[in-house]
Asks: 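Handing you this structure, nothing more for now.
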Amino acid sequence: EAQVTQNPRYLITVTGKKLTVTCSQNMNHEYMSWYRQDPGLGLRQIYYSMNVEVTDKGDVPEGYKVSRKEKRNFPLILESPSPNQTSLYFCASAKVFNQPQHFGDGTRLSIL
Amino acid sequence: GQQLNQSPQSMFIQEGEDVSMNCTSSSIFNTWLWYKQDPGEGPVLLIALYKAGELTSNGRLTAQFGITRKDSFLNISASIPSDVGIYFCAGQLYGNKLVFGAGTILRVKS
């Protein structure tokens, strides 16, 4: 089954404790992206990757890092999480950059 | 940056009614997308529109890409309880950037 898989689905942690949210797609898609979803704001893009080893900032990149060492994986790293990063996070992928994106089921992060 | 104004923010309708929602922008987009999000899940693509004036249907859903390329609407005919969810419009320029509306929450009375 074609899918975008995120882990973990839920995480409660404390300020400053580094965490990584993994994202993996099995569709051989070149393009991958991370979004955060906050009430009343819709989805905002954090980082995106056009292909392996190619990443760039989205609209709200501060406090986040990403890497794209393999085509299928695009982890989101919070080196020193803060409470304002409490949110619902979605990973998405697309065949190429200008094709519709397919989303994972989300990761709910709570930073205390 | 680009912003999308999506309306209405929420709707509470009777089962069987038709639904209409729209998105407008001050910016021009090359692609308009409509997604639906169910509780606890990620957005799922409903309809993609690629040309100004394009009218596309997917079952009971119909969406149009505005002639000015600054707006789009989504209609749902004969709503049913499983239509409940949050509907998002998204506009895409050349390249990767996808800009989302804030969403329309649809609730259906059975």
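First the proteins, then the strands, lettered A, B, ... as listed; each starts at 1.
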Asks: Would you say A/Ile111 ends up clustered with A/Val60 if hydrophobic residues are merged whenever their side chains have heavy atoms under 4.5 Å apart, either directly or through other cluster members?
Replies: yes
Asks: Is the count of non-hydrogen atoms from other residues, nucleotides or ligands lying under 6.0 Å from A/Gln3 atom CD greater than 12?
Replies: yes
Asks: Looking at A/Ile12, I'd like to know if its CD1 atom is crowded, meaning that more than 12 non-hydrogen atoms belonging to other residues, nucleotides or ligands lie closer than 6.0 Å.
Replies: no
Asks: Check the hydrophobic clustering (I, L, V, M, F, W, Y; side-chain heavy atoms under 4.5 Å; chains of links allowed) and say if B/Phe65 and B/Phe73 are grouped together.
Replies: no
Asks: Between A/Asp59, A/Val96, A/Leu88, which shows the greatest number of heavy-atom pairs under 4.5 Å with chain B?
Replies: A/Asp59
Asks: Closest heavy-atom contact between A/Gln37 and B/Phe88?
Replies: NE2-CZ, 3.1 Å
Asks: Should A/Gln45 and B/Leu98 count as side-chain neighbours, where that means a heavy-atom distance under 4.5 Å?
Replies: no
Asks: Counting only non-hydrogen atoms closer than 4.5 Å, does B/Gln37 touch chain A with its backbone (N, CA, C, O), its side chain (CB onward), both, or neither?
Replies: side chain
Asks: Minimum heavy-atom separation for A/Gln101 and B/Tyr35, please, with both atom names.
Replies: O-OH, 2.8 Å
Asks: Check the hydrophobic clustering (I, L, V, M, F, W, Y; side-chain heavy atoms under 4.5 Å; chains of links allowed) and say if A/Val66 and A/Tyr48 are grouped together.
Replies: no
Asks: Judged by atom type as modelled, is there a donor-acceptor pair below 3.5 Å linking the side chain of A/Arg44 to the main-chain atoms of B/Val99?
Replies: no
Asks: Specify the closest pair of heavy atoms between A/Pro100 and B/Ala48, including all atoms of both residues, with the distance to one decimal.
Replies: CG-CB, 4.1 Å
Asks: Starting from A/Val4, can I reach A/Phe90 by hopping between I/L/V/M/F/W/Y residues whose side chains sit under 4.5 Å apart?
Replies: no
Asks: With the side chain counted from C-beta on, respond yes when B/Pro43 and A/Tyr35 share a heavy-atom pair under 4.5 Å apart, and no when they do not.
Replies: no
